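Beneath this line is the structure, given in structure tokens, with notes to follow.
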Amino acid sequence: MTTLIEKAQAGFAQRFGDSAPDGVWSAPGRANLIGEHTDYNGGFVLPFAIDRRTVVAARLNGSSTYRVGSHMFDDVVTATIADVAAGSLPRWSTYVLGVASILDADSPSDRPRGVDLFVTSDVPLGAGLSSSAALESAVAVALNDLWHLGRTETELAQVGQRTENTIVGAPTGIMDQSASIKGRADSVIFLDCRSLETEVVPLGFAEAGLALLIVDTREEHSHATNGYAARRASCELAAKTLGIDLLRDATMTDLIAAKGKLDDETFRRARHVITEDARVLETVRLLRDEGPKSIGPLLTESHNSLRDDFEVTTDRLNTVVEASLSAGALGARMTGGGFGGCAIALIEEPEIDAVTDAVRLAFSDKGFSEPTIFVAVPSDGARRDV
Ligand code: GLA
């Protein structure tokens with residue numbers, strides 16, 4: 001972590017001259033233990049923050065101009081809030097300036113609010129680990145402090161989601177930003193996506209001798225161009241047909257009663273959401289009452305439902321799950337939006353090498369490019385570092 005903070009400070013000095021930033025803030029990527037494609041249905045999710053972070057060094061510059069630099073690009077983006085609406089900014093910088101424009105519009109001020117901001121990160125990009133939510137959340141906590149806004153964690157998560165929905169153009173839910181902002185070490189965040197009520201649920205993996213592997217298939221996913229929006233539309237259609245606002249309020253009995261009014265695909269999409277919400281609640285119960293070893297089958301059931309009913313898995317994601325289970329994992333599933341990205345596997349610690357080797361072998365047998373595999377460390381959410 002020290003290195004990322006130092007990198008952010010050095011990058012800031014290099015782009016904006018020698019003077020120090022006012023502070024350094026960071027926010028992590030996330031993985032989801034269970035509760036997939038339930039957030040935009042007002043349902044339940046159980047994500048955690050990972051130990052990969054996006055770090056921003058920032059300073060108020062006394063003007064109304066924003067200057068945004070990144071370790072990935074030599075050029076600094078210089079813009080005003082008006083440029084965000086004009087849609088002419090480089091895409092990566094819209095995550096930063098989008099958050100700034102939303103916070104600024106919500107709490108206008110006569111004071112000049114321009115900032116110089118430098119971004120660096122070790123969250124893998126495009127891997128389904130929410131690098132974009134990490135960036136939005138780091139910027140949101142930084143501006144909340146620099147502008148003395150006093151926003152709550154939930155409000156800052158909502159600003160990140162609005163940035164995705166209204167500025168980046170991705171119709172995502174509230175899960176990623178909530179995990180990035182509210183994450184706690186060794187815990188999952190149990191979030192009711194309708195009330196936004198949050199509970200921290202301890203995982204206790206280490207005491208139970210368990211590890212959670214993250215397998216990045218390195219198959220690039222993209223919410224805007226793949227079926228994410230179509231899945232969301234199917235859920236909305238199912239809810240409308242059932243006469244409710246959100247599928248969160250449907251039971252399997254309601255769905256079966258309405259079967260004649262829904263086409264097979266829409267029926268299956270809704271069945272995934274309803275059964276997934278139930279699996280999240282059961283996972284929370286098991287974590288509390290029986291310990292983490294007991295949750296494996298629920299993870300695998302979630303994957304099967306995402307594969308068969310929601311149809312957002314890929315050959316590579318299915319291969320990770322099958323190979324992990326064959327090598328002794330207690331449970332495994334894709335995590336995130338799907339269509340590529342990452343899967344997770346819950347394993348007994350001594351099996352780490354066996355499961356890792358099995359997944360690598362299965363990938364090479366099928367001619368897939370090598371996956372990246374690492375042990376997930378559920379971590380703290382967004383914070384000020386310096
Ligand atoms: C993406 C979205 C989230 C959520 C998941 C699926 O990660 O950003 O809001 O919908 O997909 O659970």
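Every value quoted in this text rests on a predicted model; they were computed, and no experiment measured them. Remember, it's 1-based here, ligands and their atoms both numbered in the order they're listed.
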**Q.** With Thr335, the side chain to side chain contact (heavy atoms under 4.5 Å, CB included) member among Cys342, Pro47, Ser302
**A.**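 Result: among Cys342, Pro47, Ser302, Cys342 is the only option passing the side chain to side chain contact (heavy atoms under 4.5 Å, CB included) with Thr335.
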Q: Would you mind telling me which of Thr38, Val45, Asp277, Asn41 makes a side chain to side chain contact (heavy atoms under 4.5 Å, CB included) with Cys193?
A: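 Of the listed options, the one satisfying the test is Val45.
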Output the list of atoms in ligand 1 that are nearer than 4.0 Å to some heavy atom of [X], sorted by atom number.
X      : result
Met175 : 4 (C), 5 (C), 12 (O)
Arg30  : 7 (O)
Glu36  : 6 (C), 12 (O)
Tyr40  : 10 (O)
Thr172 : 2 (C), 8 (O), 9 (O)
Asp39  : 3 (C), 4 (C), 9 (O), 10 (O)
Tyr228 : 1 (C), 2 (C), 3 (C), 4 (C), 9 (O), 10 (O), 11 (O)
Gly173 : 9 (O)

(Q) For Phe374, does the six-membered ring have the charged nitrogen or CZ of Arg52 within the cation-pi criterion, i.e. under 6.0 angstrom from the centroid and within 45° of the normal? (A)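 Positive - Arg52 is close enough to the ring of Phe374 and near enough to its axis.
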Q.
Both conditions, 6.0 Å and 45 degrees, for the charged tip of Arg113 above the ring of Trp147: are they met here?
A.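 So Arg113 does make the cation-pi contact.
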Q: Could you please spell out the steps behind the side chain to side chain donor-acceptor pair (under 3.5 Å) verdict for Asn318 and His303?
A: CA-CA 8 Å; Asn318 296 335; His303 182 83; 2.9 Å; yes
(Q) Looking at Ile174, is its backbone amide N or carbonyl O close enough to the side chain of Asp39 to form a donor-acceptor pair, meaning the two atoms are under 3.5 Å apart? (A)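 Confirmed, Asp39 side chain pairs with Ile174 backbone.
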Q: Give yes or no for whether the N/O distance cutoff of 3.5 Å, strictly under, is met between His37 and ligand 1.
A: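 Among all N and O atoms of His37, at least one is under 3.5 Å from an N or O of ligand 1.
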Q: Tell me whether the centres of the aromatic rings in His37 and Tyr228 are closer together than 6.0 Å.
A: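 For His37 and Tyr228, the ring centres are under 6.0 Å apart.
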